[in-house]
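Here the structure comes first, spelled out in structure tokens, and everything after it is commentary.
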Protein chains: 2
Amino acid sequence: MPTPAESVGSLATVARTTVDVEPLLEALRASGAKITTARRAVLEECARAEADHLSAEELTERVQARYPEVHLSTVYRTLELLERAGLLTRVHVNDGPAAYHFTADAHHHAVCDRCGRVIELPAAFFRPVTRKLEVDYGFVASPTHLTVTGTCASCV
Amino acid sequence: MPTPAESVGSLATVARTTVDVEPLLEALRASGAKITTARRAVLEECARAEADHLSAEELTERVQARYPEVHLSTVYRTLELLERAGLLTRVHVNDGPAAYHFTADAHHHAVCDRCGRVIELPAAFFRPVTRKLEVDYGFVASPTHLTVTGTCASCV
DNA sequence: CTTGATGCAAATGGTTTGCATGTTT
DNA sequence: AAACATGCAAACCATTTGCATCAAG
């Protein structure tokens, strides 16, 4: 498990742990899936994108820069596989296409109604509320997908 | 001209404040919009649905029970108008169609990943977190649209 | 060599739009 | 009468699927 404490000290934004795709591929293989060019490439592009949340189409473009024969529909199938495997998390920040990021890189989103800007919030941010959810309703909130809409500082 | 107020609610089913559509229509008119059969009917069906979150298509079916000529695309246009006017709030609980409810009836949603069940949470539930959002990020959370995903009590 | 993965094209589902016509103000 | 709203069909966009072929195990 990646410790959030790894981003110690620095004043910079998010010191994000660079994801190594090999263990992920290994996990896939262990689950009976075959390792293909497309699957490796999709994971690598996700790793390269780091903080960005890429849509299936954006991901396809980037993958095709190296492997032009990889088809959009394959990327969709790959993303579905990776999501079911728990490696990627799908996120709907606004209307339009879904976006993906590594599940291990847990965080939430605050999306501005006006400018569309997305603020990433640390996973722990919603702790008080999710605990209350569990106590009051027996509902166990996912630590990786929570979206608030509202108005960001520069749009108020 | 549509049928006037038949909203003399007896037979009360839900413990929710019954919404009176007349003031809402008045607000619309005040903003320069014209009052039409479709607009009145959409608001009335929203009021009748109370707790349910209806999609554009469901809403259209219900409206058509009384006014068969009202077209799906008109309902979409009406919903967009009502949302822009701040009267309705659009919500994406899961994949599939968006759903709508009165903005005045503020609440949030906890959606179960497994069974799709939707728990409605009181508007005040997220208070501590939204305040922190404002303090830390200057982000003013909308009081009407916040969705948590996770696993509900009966699916754990 | 067997099973699963891919490319492609065509279908799908939700939503939007162009335009001629009809309705509200 | 002017401005706006509607019905309808057709376009649109993100995503999914059927099927013949191909590659990983």
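The figures that follow rest on heavy atoms only: side chains count, while hydrogens, waters and symmetry mates do not. In what follows, chains are A, B, ... by sequence order, proteins preceding strands, each numbered from 1.
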*Should V21(A) and V70(A) be regarded as members of a common hydrophobic cluster, given that ILVMFWY residues are connected when their side-chain heavy atoms come within less than 4.5 Å of each other, either directly or indirectly?*
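Yes, same cluster.
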
*Hey, can you pull the residues of residues 86-100 of chain A with a non-hydrogen atom under 4.0 angstrom from DNA chain D?*
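When residues 86-100 of chain A is checked for heavy atoms under 4.0 Å from DNA chain D, the hits, listed by number, are P97(A), A98(A).
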
*More than 12 heavy atoms of other residues, nucleotides or ligands under 6.0 Å from CZ of R66(A): is that the case?*
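Enclosed.
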
*So does E57(B) have more than 12 non-hydrogen atoms from other groups sitting under 6.0 Å from CD?*
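Atom CD in E57(B) is not packed in, count stays at 12 or less.
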
*On DNA chain D, reading 5' to 3', which nucleotide is the first and which the last to sit with an atom under 4.0 Å from a heavy atom of chain B, could you check?*
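First-to-last contact on DNA chain D, by the 4.0 Å heavy-atom rule, is dA3(D) to dC8(D).
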
_Strictly distance-based, threshold 3.5 Å: is any side-chain N or O of T103(B) a donor or acceptor partner for the main-chain N or O of L88(B)?_
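Side chain of T103(B) to backbone of L88(B), a donor-acceptor pair under 3.5 Å: yes, one is there.
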
*Not counting sequence neighbours, which residues clear side chain to side chain donor-acceptor pair (under 3.5 Å) with E26(B)? List them please.*
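Once residues adjacent in sequence are excluded, the partners of E26(B) under the side chain to side chain donor-acceptor pair (under 3.5 Å) criterion are R29(B).
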
_For T149(B), all residues meeting side chain to side chain donor-acceptor pair (under 3.5 Å), sequence neighbours excluded_ =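 Expected list: none.
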
Give [X] one of three labels, base, sugar-phosphate or nothing, depending on what nucleic acid heavy atoms sit under 4.0 Å from its own.
X      : answer
S55(B) : nothing
L72(B) : base
E80(B) : nothing

Which atom pairs link the protein and nucleotides 2-5 of chain C when you take only N or O atoms and keep those under 3.5 Å?
from, atom 1, to, atom 2, distance (Å)
dT3(C), O2, K34(A), NZ, 2.6
dG4(C), O4', K34(A), NZ, 3.4
dA5(C), OP1, R39(A), NH1, 3.0
dA5(C), OP1, R39(A), NH2, 3.3
dA5(C), O5', R39(A), NH2, 3.4

_Helical bend (five base pairs per end, nearest 10°) for the helix from dC1(C)-dG25(D) to dG14(C)-dC12(D)_ =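 The angle separating the two end axes equals 30°.
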
*Got a sec, which residues hit salt bridge (charged side-chain N to carboxylate O under 4.0 Å, His left out) with E83(A), two or more places apart in sequence or on another chain?*
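Expected list: R90(A).
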
*Identify, with sequence neighbours excluded, every residue that meets salt bridge (charged side-chain N to carboxylate O under 4.0 Å, His left out) alongside E134(B).*
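Partners of E134(B) under the salt bridge (charged side-chain N to carboxylate O under 4.0 Å, His left out) test: none.
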
*Who are the ring-ring contact (aromatic ring centres under 6.0 Å, His included) partners of F139(B), not counting sequence neighbours?*
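Listed in chain order: nothing, the list is empty.
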
Any pair counted as ring-ring contact (aromatic ring centres under 6.0 Å, His included), so long as it reaches [range], sequence neighbours left out:
range                     : result
residues 29-76 of chain A : H53(A)-H101(A), H53(A)-H107(A), H53(A)-H109(A)
residues 19-41 of chain B : none
residues 28-48 of chain A : none

*How many Å lie between CG on L79(B) and C1' on dT16(C), as a whole number?*
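Roughly 13 Å, once rounded to whole Å.
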
*Round to a whole Å and report the spacing from CG of L28(B) to P of dT25(C).*
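From L28(B) CG to dT25(C) P: 11 Å.
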
_Less than 6.0 angstrom separating the ring centers of F126(A) and H108(A), yes or no?_
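F126(A) vs H108(A): aromatic centres under 6.0 Å.
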
